[in-house]
Amino acid sequence: MPPAHHPNRDTVTTIREDGSRRFLYPADVRGRFSLARRISALLLIAVYALLPWIPVGGYPAVFLDVAARRFHLFGLTLAAQDIWLLFFLITGLGFLLFIVTALFGRLWCGWACPQTVFLDHVYRRIERWVEGDGVQRRTLADAPWGPGKIARAAVKHAAYIVVSLGIAHLFLAYYVSIPALWAMMTGAPGRHWAAFVFIALATGVVYFNFAWFREQLCIIICPYGRLQSVLTDDHTLIIGYDAARGEPRGPAGAHAAGDCIACDRCVRVCPTGIDIRQGLQMECIGCAACVDACDEVMAHTGRPPGLVRYDSLAGLARKPKRIWRPRLAIYSVLLLFGATAATWGVLSIHPVLLTAIRLTGAPYYLDQGIVRNQYLVRLVNKQNSPATVRLDVSGLRPGASARGVEDAIEVPPMGEELRPLIIEQSRSTYQGPFAFRVHAADPAEGVDVGLSLEFLGPATAGSYP
Amino acid sequence: MTDPKKTHPSDTDIRPHTFDGIQEFNHRLPNWWLFTLYGAVVFWLCYWSYYQWFHEGPDDRHRIQAELVQVEAAKLAAMASSHLDNASLWAMSRNPVIVASGRKTFEANCTPCHLASLRGRSENKLAIGPDLTVRIWIHGGHPIDLYHTVTQGVPAKGMPTWGPILGPRRITEAVAYVLSHHQEGEPIIDAATLPPGSK
């Protein structure tokens with residue numbers, strides 16, 4: 001059975017001439033890439049579902065605690081003060097994606113993107129179980145509404161909504177943790193309207209996306225798909241049709257015909273509705289369904305596989321292939337810069353934050369022949385265990401002394417403490433302003449942070465040349 | 001690559017412009033996309049009429065004013081709930097729970113100047129703060145004066161403005177702790193009423 005509409009490169013298959021949607025009913029496909037994709041997708045779904053459950057260092061492996069402004073990532077706890085690291089995380093992931101794209105094309109889209117993973121391996125599986133294969137689904141869609149069609153639609157959409165609820169709840173679990181999520185699920189919605197409305201909206205968006213919107217997201221909305229033309233070149237691994245081997249198309253055994261038997265299997269399995277034989281197209285998400293479909297046909301006709309295969313444009317055109325290209329060097333250097341900065345940033349995150357400001361009032365006081373400076377030291381404990389911090393002052397000029405550093409300070413977990421720090425120097429020894437350092441140390445936790453402060457006083461003959 | 005279909009019906013429907021040799025088809029947008037556009041237009045119309053034409057909704061100025069009123073109300077409520085006056089401060093100074101948390105605040109913030117004994121300069125001539133246990137008070141002779149002194153500070157002498165740092169609750173507790181070293185009814189002398197040089 002030929003496809004109802006033959007794709008061309010001038011129009012988008014899923015948009016009809018009048019702007020209405022042409023729905024796709026991709027045929028079943030079996031093969032090594034389909035199997036590998038199914039396994040990797042199930043692994044990715046397992047990772048998504050399990051991360052909030054696995055405790056690392058007393059918190060879920062990934063717990064973006066927005067309410068407490070603490071971000072727990074595999075045992076590393078970041079506070080709101082560390083948010084600048086996000087820049088390097090996002091740019092790092094971006095450049096990594098650039099490199100992967102330059103090397104392997106849309107590997108992300110076909111194998112790892114949540115849109116594809118959930119659509120192909122959850123929602124389309126449900127559809128397959130309830131409504132049958134592609135031909136049966138199209139027949140059912142074209143059939144008039146009757147009890148059978150209504151029953152199938154009800155079962156399918158009920159299953160979609162259940163799965164969408166699960167995805168939305170898991171998503172929220174990353175931000176509130178499983179126990180809090182469970183408490184909200186078992187409590188009345190009135191006690192947590194915000195979460196309830198969020199779940200309702202998120203479920204609605206997920207359901208709409210996977211039940212109806214589907215490939216429209218990849219083709220029309222996703223910016224990554226649109227960036228492909230600047231990220232890939234002739235040496236990028238893509239899925240392509242070996243025209244030199246396949247053309248001219250003709251039935252098996254026909255005189256002077258190429259290897260393509262024009263069976264259109266590759267078109268019928270395509271989830272975005274293109275004909276891969278028309279070359280690299282923006283709609284292709286690199287899912288390799290056409291590779292498996294064509295390999296199966298080639299095996300049936302006793303020909304070697306790989307008429308449609310993973311290859312570069314240069315490879316398909318029988319030109320020399322190149323893996324190392326200038327763009328890879330540029331992307332790698334940029335990634336290296338970002339990764340170095342991020343590593344340095346993560347290593348330089350201290351579990352205790354020390355800041356100091358001058359207390360309100362005059363910059364210094366003269367009292368009983370003594371110059372006095374008053375500071376307010378702020379200690380923030382970013383760990384989930386208490387810290388016993390000792391303050392220490394170094395670099396004072398002779399005759400100067402500190403008050404407020406005598407006792408150890410208990411900083412509660414995730415808490416903060418304020419302490420006044422007073423530096424005094426007798427006028428007889430005072431020789432002008434100087435800089436000194438304050439240290440906060442907790443040997444038990446390996447904390448040692450310091451900062452520099454300025455001691456101010458009246459101008460002296462030598463202090464301001 | 002293989003030739004795209006040459007005889008597509010849309011081939012006649014090409015936009016007139018050419019940039020860098022690139023031409024554009026004049027295909028229809030997806031209906032769902034147009035629906036979002038028309039939906040946005042309808043939303044804009046309603047939104048604009050509501051806020052700009054009929055002035056039904058509050059504008060930013062009103063919203064800020066409303067929030068400021070709320071902040072003010074919360075401040076007043078916080079003040080009213082603690083009923084701060086001389087009698088209530090004295091009462092708090094006899095409450096062991098309040099005095100205990102006041103002591104914590106005092107020891108964390110006040111001891112560098114006033115010393116843990118509260119006796120300041122009476123104990124050590126080089127201490128910064130005055131003695132808080134004597135009956136001659138420098139800045140007013142009532143507990144509420146003490147509260148204001150802590151909250152506003154005495155910048156000229158180096159007493160910091162603790163109000164924004166500690167907040168009313170902790171200041172009240174610390175004042176109660178200081179008052180726990182005194183007795184209600186004891187003769188407290190406001191230093192300002194003393195003749196100069198009589199200290």
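Proteins come first, then strands; the chains are lettered A, B, ... in the order of their sequence lines, and each starts at number 1. Reckoned from all heavy atoms, side chains included, excluding hydrogens, waters and symmetry mates.
- Heavy atoms closer than 4.5 Å to chain B are found nowhere in A:L366, neither backbone nor side chain.
- Of the listed residues (A:D18, A:V12, A:V405, A:T14), the greatest number of heavy-atom pairs within a distance under 4.5 Å of chain B belongs to A:D18.
- Distance CH2/B:W33 to CD1/A:I15: 11.0 Å, rounded to 0.5 Å.
- Neither the backbone nor the side chain of A:R21 comes within contact range of chain B; no heavy atoms are under 4.5 Å apart.
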| said: Let's go through B:H142 and B:W90 carefully: what are the C-alpha distance in whole Å and the side-chain angles of both, what is the deciding distance for ring pair (Phe, Tyr, Trp, His ring centres under 6.0 Å) to 0.1 Å, and is it a yes or a no? | reply: CA-CA 10 Å; B:H142 298 287; B:W90 276 122; 9.9 Å; no

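- Contacts between A:L376 and chain B at a heavy-atom distance below 4.5 Å involve the side chain alone, from C-beta outward.
- The candidate with the highest count of non-hydrogen atom pairs below 4.5 Å against chain B, out of A:S20, A:A362, A:G240, is A:S20.
- There is no contact between A:R16 and chain B, counting heavy-atom distances below 4.5 Å.
- For a residue to count as touching a neighbouring chain, one of its non-hydrogen atoms must lie under 4.5 Å from one of that chain's; by this rule A:Y364 does not touch chain B.
- Note on B:E107, B:M159, B:R121: by heavy-atom pairs under 4.5 Å with chain A, the leading option is B:R121.
- For A:L418, the parts sitting under 4.5 Å from any heavy atom of chain B are the backbone and the side chain alike.
- A side-chain donor from one of A:E247 and A:Y241 sits under 3.5 Å from a side-chain acceptor of the other.
- Chosen from B:P160, B:P155, B:A108, the residue pairing most often with chain A at heavy-atom distances under 4.5 Å is B:A108.
- Between the CG atom of A:L119 and the CG atom of A:L217 there is a distance of 10.0 Å, given to the nearest 0.5 Å.
- Looking at B:L166, neither its backbone nor its side chain comes within 4.5 Å of chain A, counting heavy atoms on both sides.
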| said: The test is ring pair (Phe, Tyr, Trp, His ring centres under 6.0 Å); show your working for A:Y207 and A:W212 and say whether it passes. | reply: CA-CA 8 Å; A:Y207 166 77; A:W212 192 86; over 10 Å; no

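- For chain B, no part of A:I409 is nearby; none of its heavy atoms comes within less than 4.5 Å.
- A salt bridge does not link B:E67 to B:R63: none of the charged nitrogens lies less than 4.0 Å from a carboxylate oxygen.
- When heavy atoms are compared at a cutoff of 4.5 Å, A:E424 approaches chain B solely by way of its side chain, counted from C-beta outward.
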| field | B:F54 and B:Y47: CA distance, side-chain angles, deciding distance, ring pair (Phe, Tyr, Trp, His ring centres under 6.0 Å) verdict | value | CA-CA 10 Å; B:F54 301 119; B:Y47 187 92; over 10 Å; no

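- Of the charged side-chain nitrogens involved, at least one lies within less than 4.0 Å of a carboxylate oxygen, so that B:E186 and B:R135 count as a salt-bridged pair.
- Ion pairing between A:R309 and A:D242 holds under the 4.0 Å rule for side-chain N and carboxylate O.
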